[in-house]
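Structure record follows, encoded as structure tokens.
Position 1 is the first residue of the sequence; numbering continues from there.
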Amino acid sequence: MIILHLIPTLEGGGAEKQLVKLASEQCKNGYRVHIGVRRGGGNKNFLNDAVEIHYLGDYKFLDPRLFLSIFRLIRAVRPSLVQTWLIQMDIVGGALSLISPVQWIMTERTSEQGYTRRPFFSWLRLQLSRYAKYIVVNSESGYLYHKNNNFCNKIKIINNAIDVDYFTNIKTPSNANHFNSVTILTAGRLIPSKNYETLIRAVSLLPIDIDIKVKIFGNGPHRSTLQKMIELEKIENIIKIYPYDSDWIFLLKSANMFISMSLYEGSPNVVLEAMAAKCPLIVSDIAAHRDILQEGSALFVSVDEFEDLNLSIIDIIDNQEQSIKRSLAAFETVKNFSIQNTYKEHDDIYKEVLTCVQ
């Protein structure tokens with residue numbers, strides 16, 4: 001089977017991580033896998049060597065040259081299926097599926113709230129989605145978004161994959177602190193939807209006699225706004241913002257907690273990584289987090305309740321035994337999110353689509 005995946009870049013986002021894992025696993029199982037990208041990125045380093053990468057030209061959104069480049073790639077590769085990732089490639093892939101005999105599968109990586117910034121392109125993508133042979137979503141919210149619009153009847157939830165064994169084998173540093181001082185981690189794009197403001201406000205209320213270090217790992221346009229807020233709250237010595245680096249996950253084994261206060265998500269990779277590392281969790285009370293975590297595996301806080309978040313941080317500090325129990329429960333859940341399961345579920349979809357065509 002020849003699969004062509006289309007994605008804008010191979011940079012540091014969650015969709016890119018998941019594609020790299022899936023493509024590599026598909027190669028291990030005998031697929032011929034091609035990936036078309038505008039440009040590369042750090043995730044390229046984690047790809048199976050057998051995956052063929054094709055550079056399409058770094059054309060912005062709906063540049064006609066991108067359509068032509070992908071059309072030529074489809075003719076050259078002659079894939080059994082094309083699978084598209086993220087809104088730009090979903091639109092281009094959907095449009096080309098109308099003039100090409102290739103079968104098209106679309107992926108959904110977020111929820112309806114993720115499309116408010118580009119209403120026209122979101123509407124266009126939704127219209128084209130009716131021509132997809134299947135839509136693969138990674139959350140209940142993504143499923144409902146497409147089901148309620150009733151354009152494509154073939155929709156399936158496939159959870160994001162996580163390599164639990166990898167996190168299990170990470171060694172906990174011998175000098176790891178356990179509440180003598182407190183390390184709080186969070187990671188993700190520095191954009192408004194990640195809601196770092198609530199975390200900053202909560203931290204500003206913490207007792208001054210607790211030795212706390214908060215580390216935010218991420219890149220994005222909201223960095224200067226967050227830095228100004230940290231300075232305004234006079235907590236520069238507590239909260240530091242670091243550029244995103246995949247090595248941040250090694251800190252999860254020694255951190256005292258991971259916090260995600262996102263306003264919305266698809267299926268958040270960073271939360272799955274924290275679960276796999278058995279790091280105690282505080283998360284915003286949104287559907288995406290409820291999809292992967294139960295009441296007894298994390299502390300849930302309403303997205304704008306910084307005072308409640310402050311109390312939850314103190315709860316983890318004061319009740320170490322309970323936080324460990326929750327982290328172990330989260331770990332038991334995430335063990336089911338294997339790349340082997342993700343591969344198998346995609347394989348079933350591909351075979352169903354190709355059988356229907358025949």
Rounded distance (nearest 0.5 Å) linking atom [atom1] of [X] with atom [atom2] of [Y]:
X	Y	atom1	atom2	answer
I200	Q227	CD1	CD	8.5 Å
I35	L56	CD1	CG	11.0 Å
T198	I259	OG1	CD1	11.0 Å
L226	I241	CG	CD1	5.0 Å
S312	M261	OG	CE	8.5 Å
Q18	T107	CD	OG1	10.5 Å

Is atom [atom1] of [X] surrounded by more than 12 heavy atoms (other residues, nucleotides or ligands) closer than 6.0 Å?
X	atom1	answer
K344	NZ	no
R223	CZ	yes
L98	CG	yes
N169	CG	yes

What heavy-atom pair brings [X] and [Y] nearest, and what distance separates the two atoms?
X	Y	answer
S111	S141	CB-CB, 3.6 Å
N256	S181	OD1-O, 3.4 Å
N43	G13	ND2-O, 4.2 Å
R326	G296	CG-O, 3.2 Å
L272	S267	CD1-OG, 4.2 Å
N48	S24	N-OG, 2.9 Å

Taking [X] for the side chain and [Y] for the main chain, is one N or O donor matched with an acceptor at less than 3.5 Å?
X	Y	value
N341	F337	no
H289	V283	no
K325	E321	no
N148	L144	yes
R38	G57	no
S69	L66	no
E25	I339	no
N310	A202	yes

Should the pair [X]-[Y] be classified as a salt bridge under the 4.0 Å nitrogen-to-oxygen rule?
X	Y	result
K154	E352	yes
E273	K17	yes
D49	K44	no
E231	K234	no

- Task: Take E265 and K194, measure what salt bridge (Lys or Arg N to Asp or Glu O under 4.0 Å) needs, and give me the verdict at the end.
- Result: CA-CA 9 Å; E265 289 281 358; K194 298 301 181 182; 2.8 Å; yes
Do [X] and [Y] come within less than 4.5 Å of each other through their side chains, counting heavy atoms only?
X	Y	value
K253	K278	no
L281	M275	yes
R75	R78	no
L62	I91	yes
L81	V353	yes
H222	Y196	no
V270	W248	yes
V33	E52	no

Side-chain donor-acceptor pair under 3.5 Å between [X] and [Y], yes or no?
X	Y	value
Q294	T333	yes
S323	Q320	no
R109	N160	yes
D291	S139	no
H146	E108	yes

- Starting from the C-alpha separation in whole Å, work towards a yes-or-no answer on side chain to side chain contact (heavy atoms under 4.5 Å, CB included) for Y115 and Y145. CA-CA 11 Å; Y115 295 106; Y145 173 49; 3.7 Å; yes
- From CA spacing to verdict: ring-ring contact (aromatic ring centres under 6.0 Å, His included), Y242, F217: CA-CA 5 Å; Y242 300 89; F217 291 90; 5.3 Å; yes
- Would a hydrophobic clustering, with Ile, Leu, Val, Met, Phe, Trp and Tyr connected at side-chain separations under 4.5 Å, put W123 with F121? yes
- Task: Determine, using the 4.5 Å side-chain heavy-atom cutoff (strictly less than), whether Y166 and V334 are members of one ILVMFWY cluster.
- Result: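 The answer is yes; both residues are in one hydrophobic cluster.
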- What about Y350 and W104, are their ring centers closer than 6.0 Å? no
- Message: What verdict does the side-chain hydrogen bond (donor to acceptor under 3.5 Å, both in side chains) test give for T84 and D90, after you've listed the backbone C-alpha separation in whole Å, the side-chain angles of each residue and the deciding distance to 0.1 Å?
- Response: CA-CA 5 Å; T84 58; D90 291 339; 2.7 Å; yes
Enumerate donor-acceptor pairs with a distance under 3.5 Å from any side-chain N or O in residues 1-9 to protein atoms, sequence neighbours excluded.
unit_1, atom_1, unit_2, atom_2, d
H5, ND1, W85, NE1, 3.2
H5, NE2, Q26, OE1, 3.0
T9, OG1, E11, N, 3.2

- Item | Cation-pi geometry met for R290 and F300 (6.0 Å, 45°) |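 Yes, a cation-pi geometry holds between R290 and F300.
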- Message: Connecting only ILVMFWY residues whose side-chain heavy atoms lie within less than 4.5 Å of each other, what is the rest of L263's hydrophobic cluster?
- Response: Y264, I286, V303
